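Naming: A, B, ... by sequence-line order, numbering from 1 per chain. Predicted, not measured: the structure shown is a model, and the values here were computed from it. Values reported hereafter were calculated over all heavy atoms of this structure, with side chains retained and with hydrogens, waters and symmetry mates removed.
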Protein chains: 2
Amino acid sequence: MARPATEELRRRNRSALLDQLHRRGPQTRAELTEALGLNRSTIGALATDLSESGHIQETTGRSTGAAGRPSTLVECVPEAETVAAVEVRADRVRLALVGLGGTLLARAEVPLEPGADGPEAAELAARLLADTPAAETVAAVPGLVDAGVVAQSTELGWVDRDFRTDLERATGRSWRVADLATAAAVGERSRGDAHRSPNLLYLHGGRGVTAGMIADGRPRRGSSIMLGHVVVNPGGQKCRCGLHGCLEAEMGTFEQSATIEATTTAAWMGDTAAREVVHRSGGLLGRALGSVVTAATPDEVLFGGWLRELYLSSAAAVRSSLAEATLPQLRARLRLRTPALGSEGPLIGAAETGFEALIGEMR
Amino acid sequence: MARPATEELRRRNRSALLDQLHRRGPQTRAELTEALGLNRSTIGALATDLSESGHIQETTGRSTGAAGRPSTLVECVPEAETVAAVEVRADRVRLALVGLGGTLLARAEVPLEPGADGPEAAELAARLLADTPAAETVAAVPGLVDAGVVAQSTELGWVDRDFRTDLERATGRSWRVADLATAAAVGERSRGDAHRSPNLLYLHGGRGVTAGMIADGRPRRGSSIMLGHVVVNPGGQKCRCGLHGCLEAEMGTFEQSATIEATTTAAWMGDTAAREVVHRSGGLLGRALGSVVTAATPDEVLFGGWLRELYLSSAAAVRSSLAEATLPQLRARLRLRTPALGSEGPLIGAAETGFEALIGEMR
DNA sequence: CGATGTTTGTTGTTGTCCGCAACATATGAC
DNA sequence: GTCATATGTTGCGGACAACAACAAACATCG
């Protein structure tokens, strides 16, 4: 340890203060004192530090109506630190530039031609990024991601693609690569309404079906859950992944329907065939989910992407087939819901992942 | 924070030092200085502290053959802190008293009558514990455990049993209740030869089949994996849990065979019927494992309990059915092995869980 | 066998940090 | 306008880890 350990302590506290502000939003010094368990004077010193470094801004004297001297309000300066999040999907690449405190500073989107490979996608990301001054850059990719390598992505058709290297070559800067579903789970937990669940499973329906898990309050690093390739019908339909009876293969009829919305809408309107397709797909989803719930024991399951539409149209089928595949004790505490952030979840979560690293590196 | 933060720092370092010694065994002061990244003088001060409190012992002057003054060897004093680990199984209750550094100080075992309930098992644990001076007491129970409550245990036949309360009533002291398979995973990682796997899945075959997971280097708190109740054959055999086609139900023929050893031995000897049973069971196990591997993405899988025998007799069947149920990218990095600690894993791991808490509380 | 070099433990000093208490400041209540 | 209350500010003290200088213990070499 090159630095004296006592300075390390200061850095930790400074980072904890910034983290608190970033995650919980503007707070008074009194609230910060309570939250961090430090002394008033210590909070004061830390605030002075962060104010001088431009990370926070203090607005004095907002009267609350209670007795006593009003406490100073402290808030993040969004521009002080920014993270660029990039979402790579089958048909588009999106970018969000997010400032400290979670403020959205800019967005951009370009179409991606189907079947694009890693370098092509990275090139688009580089174009979107241009010269935005982001301290961290994070990419969210649907599929099995491990240490920057996209081991398998049904949606993008990539196998063992070292996408981090592609990005770093295209942009000349350092990247983090996260699984889209895990990123979305992080987003829902940090900026959505899933604060309370320490064990959160986010299901993502895109061109493939994946899932991301937050276990014991922290995202599973390394790799995501290939929900689409859970075998729901041993010896069934041959899947493009090579296995037989995968969820994706068995749901094929649903996925191939003109559009998901059209099918679910038709089902709502009473179209018997559509209703049948939706019901069957919901049942298959429930079965696959059953295996994952048994293995990962979440408290809460969010249906993202087009799984949201499917779930809303076939909740009963999902629940009943889930009931046939998981123990009642596991189901008892399970909440099935739809995400609060909609299609913004992955970008928001990816940015949050960047901020976590950024603030963590300060200490 | 009642304590001054600077004393907190000292406590952290003291705890880190003790943790290092507990986990890595006796080390010289020079090695500790390197490992903890602190100054020689700081290590000296910490060692003095811990020596005076009786936690460590220093043996001076062991010559290593290298130049320079030989470094003082530091080692834990086993009796300084002890943890009692209790393993509750269908037919017995076992206890191990483990000292700091992992030294086994005492063992005991009593038979448990089949069908015993929580209070009865707790009473036996209390008798075994007697007046052993353990700072922490941890129970390992096969099944789905959450916050001291055994939500479901096929082996013990318990459902939503508040076993922690049973134990605390019987012994008048505080208990931790861990899932047996998770405890075993912890044991294999800390005292076995699975140091390198940050994502470890331990499969336990007892009267039921469960699994425990270490994800990103830390045990999944809360609950374990009910591997025996993964549905491997939708609409198949009715299981005692109420579901249909669970692994346990489908493997029934194997489990009910006079003894597992007899069947696997017969299979080795060439008994065609036995070979058939073993092969089929291995295939079912592989299929269930496939779902869990997809959802939990381990690097390493250990076959514990009688699954060890099954795996050793049917590795090909397990691997081939696993290959039909998981993506090649997931299988590529997967190592299938048998545990190094044998049937001691759960007790050792439970004790280790206690020590983790004990050392963690010091800071 | 003694001189030298090397590694490690020990001791006194220094810089930093946090908590505490006293004081200053800003508000509401009467 | 005065008092009570809550909060920011300042100076002081206690604690800690790093640092440097010194002492101790060993190997090597002539």
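- Atom CD in A:E8 sits about 18 Å away from atom P in D:dC16, given to the nearest Å.
- For B:R29 and D:dA24, the CZ to C1' distance is 13 Å, given to the nearest whole Å.
- In the region residues 40-56 of chain B, proximity to DNA chain D at under 4.0 angstrom, judged on heavy atoms, holds for B:R40, B:S41, B:T42.
- Look at CG on B:L9: it is 11 Å from C1' on C:dT16, rounded to the nearest Å.
- D:dC19 atom P lies 10 Å from atom CD of A:E7, rounded to whole Å.
- In terms of phosphate contacts, B:T33 brings no side-chain nitrogen or oxygen within less than 4.0 Å of OP1 or OP2 of C:dT8.
- Atom NE2 of residue B:H55 and atom CG of residue B:L18 lie 6.0 Å apart, to the nearest 0.5 angstrom.
- Mapped onto DNA chain C by nearest heavy atom, A:R10 and A:R69 fall at different nucleotides, with A:R10 at the one closer to the 5' end.
- In this model, the phosphate group of C:dG9 is approached by a side-chain N or O of B:S71 to a distance below 4.0 Å at OP1 or OP2.
- Between the side chain of A:R164 and the backbone N or O of A:A147 there is at least one donor-acceptor pair closer than 3.5 Å.
- Taking a cutoff of 4.0 Å between a charged side-chain nitrogen and a carboxylate oxygen, B:R107 and B:E344 qualify as a salt bridge.
- When rounded to the nearest whole Å, the span between CZ of B:R12 and C1' of C:dC17 equals 15 Å.
- With hydrogens and angles left out, the side-chain atoms of B:S197 and B:R335 include a donor and acceptor closer than 3.5 Å.
- Using a 4.0 Å cut-off, some side-chain N or O of B:N13 falls inside it from OP1 or OP2 of D:dA17.
- Rounded to whole Å, atom C1' of C:dC17 lies 12 Å from atom CG of A:N39.
- In terms of the side chain to side chain contact (heavy atoms under 4.5 Å, CB included) criterion, residue partners of B:L358 (sequence neighbours excluded) are, by chain and number, B:E81, B:V83, B:A135, B:E136, B:F355.
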Practice item. Quick one: do B:D179 and B:T182 satisfy side-chain hydrogen bond (donor to acceptor under 3.5 Å, both in side chains)? Show the steps, please. Key: CA-CA 5 Å; B:D179 156 56; B:T182 307; 2.7 Å; yes

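- Distances shown here put every side-chain N or O of A:T6 at or beyond 4.0 Å from the OP1 or OP2 atom of D:dA17.
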Practice item. Starting from the C-alpha separation in whole Å, work towards a yes-or-no answer on side chain to side chain contact (heavy atoms under 4.5 Å, CB included) for A:L73 and A:Q57. Key: CA-CA 8 Å; A:L73 188 72; A:Q57 203 170 19; over 6 Å; no

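- A:R14 has its CZ atom 12 Å from the C1' atom of C:dT16, to the nearest Å.
- Rounded to whole angstrom, the span from the CD atom of B:E31 across to the C1' atom of C:dT7 amounts to 13 Å.
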